[in-house]
Amino acid sequence: MQRAYKTIKSAVGPLMIVEGVEGAEYNEFVEIEEANGDIRHGKVLEVNGGKAVVQLFVSSQGLSIQDSKAKFTGKGLELAVSPDMLGRVFNGMGLPRDGAAPLIATAKLDINGAPINPTARDYPNEFIQTGISTIDGLNTLVRGQKLPIFSMSGLPHAELAAQIARQATVLKNASNFAIVFAALGITHDEAEFFTKSFEQTGALGRSVMFINLANDPALERIATPRMALTAAEYLAFELGYHVLVIMTDITNYAEALREVSAARKEVPGRRGFPGYLYTDLASLYERAGCIKGQEGSITQIPILTMPEDDKTHPIPDLTGYITEGQIMLSRELYKKGMTPPTDVLPSLSRLKDKGIGPDKTREDHADTLNQLFACYAKGKDSKELAQILGESALSDIDKLYAKFADEFEQKYINQGFETNRTIFETLDLGWELLGILPREELTRIKTKFLDKYYKKKED
């Protein structure tokens with residue numbers, strides 16, 4: 001039930017206090033109507049007796065509290081949803097920004113959603129092909145998983161996000177696959193890059209985009225990922241799509257959360273972030289998953305830049321606790337010209353074993369990924385030893401491992417942002433590289449797979 005009040009007591013910065021309010025609830029959506037008819041929006045942050053603290057989506061500058069009234073709508077912020085969402089671009093508040101007509105909504109859903117009941121969850125077990133060898137071959141993404149990408153300032157995570165959005169597919173249900181893309185706190189140039197990339201490659205037709213710009217209000221940035229996840233839940237659990245949600249950059253989201261927390265004068269936690277940062281991030285990440293008896297699913301790839309390249313910073317640290325692994329990008333590889341600069345050794349997909357093997361990828365997948373990890377690690381050790389003692393100090397087998405590491409980086413990692421490899425092409429490339437080494441060195445692969453796939457590479 002809507003209630004309107006002309007009892008605005010004060011408005012400072014993004015916060016407004018309304019007195020004499022009855023029945024206000026946390027997160028309730030509020031419309032502030034000015035004397036000239038302009039509307040500002042906000043949501044309830046705190047209720048104490050008959051006093052409500054309202055966070056405005058824009059600054060309170062120029063707001064005349066004597067001539068304005070606050071309308072409490074009796075509901076949270078909602079997103080209009082429809083099957084026609086696919087192919088559309090929205091702003092951070094769910095309003096069209098592509099110049100097309102507003103959606104004719106089939107429903108309006110509260111963006112705060114609800115966590116999936118743990119007993120209703122189905123275990124992720126189906127492979128998602130991204131077309132990127134370092135992910136598909138070594139750190140496999142599984143349908144229903146949440147697998148973040150940890151980047152660093154200046155690295156091309158935007159290009160990687162666009163590549164995944166263009167190329168990702170579920171092999172057995174390719175026609176029923178959709179992308180929900182949320183860009184948080186990006187520049188106008190980045191927004192244009194993402195939009196053009198999706199349009200030119202045809203990916204926009206199966207995508208829903210939510211774009212929040214760097215000059216948009218902090219509160220809108222907090223709402224944007226929830227808008228995206230609400231759209232994903234509608235597509236997945238109402239329309240039966242397998243939805244991949246890509247969110248970039250979670251660091252901008254967390255900093256908006258810190259800004260709002262500071263405005264509320266809350267006691268800060270680590271690095272000035274609110275003490276509930278873990279809970280808040282979990283409320284986003286845990287909206288991914290598969291539900292028993294439901295055809296659709298939600299898979300998440302949140303992308304974040306690590307402040308000061310520090311993986312112990314609260315944002316990547318807490319994200320790592322909640323999610324099932326991480327894909328790490330490397331500044332060292334980027335300086336070498338590798339794209340995408342994926343550092344495979346510290347990267348991890350905790351669910352990869354559930355999404356690979358016969359009838360999912362290929363029978364040799366598990367053995368080859370273990371062998372590639374081991375050989376690359378040993379090859380890097382050999383290269384470091386050569387830098388210290390000189391190449392002449394290396395044994396013949398150490399030189400082969402060093403050669404393997406170089407070839408692995410040049411051919412396997414450095415595939416570029418335009419190359420889309422099938423999982424079978426990735427696995428075959430892995431075998432081609434393993435052919436650099438003698439068969440007796442490949443101790444992590446079963447004999448039957450060596451007999452079938454191994455071919456010694458001639459110098």
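We're numbering straight along the sequence, starting at 1. A quick note: this is a predicted structure, and the numbers were derived from the prediction, not measured.
Between Met227 and Met93 the shortest heavy-atom distance is CE-O, 3.2 Å. The minimum heavy-atom distance between Glu425 and Asn420, with the atom names listed, is OE1-O, 3.9 Å. Closest approach of Gln415 to Ser133, counting heavy atoms only: OE1-N, 2.8 Å. Counting all heavy atoms, side chain and backbone alike, Pro302 lies closest to Ile250 at CB-CG1, 3.8 Å. Among all heavy-atom pairs drawn from Ala254 and Phe273, the shortest one is O-CE2, 3.5 Å. Among all heavy-atom pairs drawn from Ile301 and Leu141, the shortest one is CD1-CD2, 3.7 Å.
Gln145 contributes no side-chain N or O that, together with a main-chain N or O of Lys352, makes up a donor-acceptor pair within less than 3.5 Å. The closest donor-acceptor contact from the side chain of Arg258 to the backbone of Pro268 lies at 3.5 Å or more, if one exists at all. In this structure, the side chain of Thr251 engages the main chain of Thr305 through a donor-acceptor pair within 3.5 Å. Looking only at distances, a side-chain donor or acceptor of Thr319 sits under 3.5 Å from a matching main-chain atom of Ile315. For the pair Ser330 (side chain) and Glu332 (backbone), a donor-acceptor distance under 3.5 Å is present. Formation of a donor-acceptor pair under 3.5 Å by the Gln300 side chain with backbone atoms of Val245 is not found in this model. Checking side-chain atoms of Asp136 against main-chain N and O of Gln129 turns up no donor-acceptor pair under 3.5 Å. A donor-acceptor pair is defined here as one N or O able to donate and one able to accept, closer than 3.5 Å; no such pair exists between the side chain of Glu233 and the backbone of Ile111. A donor-acceptor pair under 3.5 Å links the side-chain atoms of Asn176 to the main chain of Gly240, judged by distance alone.
Between Gln167 and Ile132 the shortest side-chain heavy-atom distance falls below 4.5 Å. Two residues are said to be in side-chain contact when any heavy atoms from C-beta on lie closer than 4.5 Å; Tyr453 and Ile445 fail this criterion. Taking the side chain as every heavy atom from C-beta outward, Glu199 and Thr195 approach each other to under 4.5 Å. Between Leu204 and Phe181, the closest side-chain pair of non-hydrogen atoms is not below 4.5 Å. Within the 4.5 Å cutoff, no side-chain heavy atoms of Pro124 are placed close to those of Lys354. Asp249 places a side-chain heavy atom less than 4.5 Å from the side chain of His157. Between Leu369 and Ile356 there is a side-chain heavy-atom pair separated by less than 4.5 Å. Counting heavy atoms from C-beta on, the side chains of Phe210 and Leu79 come closer than 4.5 Å.
Classification of the Phe198-Phe194 ring pair by plane angle, with boundaries at 30° and 60°, yields perpendicular. Ring geometry for Phe127 against His365 counts as perpendicular: the plane angle is over 60°, on a 0 to 90° scale with 30° as the lower cut. Between Trp431 and Tyr454, the angle of the ring planes goes over 60°, which puts this pair in the perpendicular group of the 30/60° scheme.
Using modelled atom types and a 3.5 Å distance limit, the side chains of Thr230 and Arg287 yield a donor-acceptor pair. Between the side chains of Thr339 and Glu159, no donor-acceptor pair of N or O atoms lies under 3.5 Å. Side-chain atoms of Asn117 and Thr119 form a donor-acceptor pair, as typed in the model, at a separation below 3.5 Å. Side-chain polar atoms of Arg166 and Thr201 form no donor-acceptor pair below 3.5 angstrom. There is a side-chain donor-acceptor pair under 3.5 Å between Lys43 and Asn27. For the residue pair Thr106/Tyr234, the side-chain donor-acceptor check at 3.5 Å is satisfied.
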Please walk me through it: do Asp309 and Arg331 pass salt bridge (charged side-chain N to carboxylate O under 4.0 Å, His left out)?
CA-CA 9 Å; Asp309 297 359; Arg331 194 177 297 282; 3.0 Å; yes

Verdict with reasoning, Thr187 to Asp189, per side-chain hydrogen bond (donor to acceptor under 3.5 Å, both in side chains):
CA-CA 5 Å; Thr187 64; Asp189 288 344; 5.2 Å; no

Would Val208 and Leu86 satisfy side chain to side chain contact (heavy atoms under 4.5 Å, CB included), going step by step from the backbone distance to the final call?
CA-CA 5 Å; Val208 185; Leu86 290 170; 3.9 Å; yes

Could you give me the CA-CA distance, side-chain angles and deciding distance for Ile397 and Tyr401, then say whether side chain to side chain contact (heavy atoms under 4.5 Å, CB included) is met?
CA-CA 6 Å; Ile397 192 65; Tyr401 274 108; 3.8 Å; yes

Could you walk me through whether Lys448 and Asp367 pass salt bridge (charged side-chain N to carboxylate O under 4.0 Å, His left out), step by step?
CA-CA 11 Å; Lys448 62 180 181 180; Asp367 285 10; over 6 Å; no

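Thr299 contributes atom OG1, which lies 10.5 Å from atom NZ of Lys146 (distance to the nearest 0.5 angstrom). Distance CG/Leu184 to CD1/Ile303: 10.0 Å, rounded to 0.5 Å. In this structure, CZ in Phe408 is found 8.0 Å from OG1 in Thr134, a value given to the nearest 0.5 Å. Expressed to the nearest 0.5 Å, how far CG of Leu147 lies from CG of Leu244 amounts to 10.0 Å. Note that the CZ atom of Phe90 and the CE atom of Met85 stand 4.5 Å from one another [nearest 0.5 Å]. Separating the CD1 atom in Ile211 from the NE2 atom in His188 is a distance of 11.0 Å, to the nearest 0.5 Å.
One finds a salt bridge joining Asp310 and Arg271 here, because a Lys/Arg side-chain nitrogen approaches an Asp/Glu carboxylate oxygen to under 4.0 Å. Here Glu409 does not pair with Lys380 in a salt bridge; the nearest charged N to carboxylate O distance is not below 4.0 Å. Salt bridge annotation for Glu407-Lys403: absent, with no cationic side-chain nitrogen under 4.0 angstrom from a carboxylate oxygen. Ionic pairing of Asp353 and Lys360 is not present here: no N-O contact between side-chain nitrogen and carboxylate oxygen is shorter than 4.0 angstrom. In this structure, Arg421 does not pair ionically with Asp428, as no charged nitrogen and carboxylate oxygen lie closer than 4.0 Å. Under a 4.0 Å N-O distance rule, the pair Arg88/Asp98 qualifies as a salt bridge. Here Asp280 pairs with Arg226 in a salt bridge; the nearest charged N to carboxylate O distance falls below 4.0 Å.
Heavy-atom neighbours of Lys196 NZ from other residues, nucleotides or ligands within 6.0 Å: at or below the threshold of 12. Counting heavy atoms of neighbouring residues, nucleotides and ligands inside a 6.0 Å radius, atom CD of Glu25 does not exceed 12 of them. Residue Glu440 qualifies as enclosed at atom CD: its count of foreign heavy atoms under 6.0 Å is above 12. Other residues, nucleotides and ligands contribute at most 12 non-hydrogen atoms within 6.0 Å of the OH atom of Tyr321. Summarising the local packing, NZ of Lys399 is surrounded by more than 12 heavy atoms from other residues, nucleotides or ligands at distances under 6.0 Å.
Stacking of Arg221 on the aromatic ring of Tyr253 is not recorded, the 6.0 Å distance cut-off and the 45° axial limit not both being met.
A ring-centre distance under 6.0 Å is not found for Phe150 and His313.
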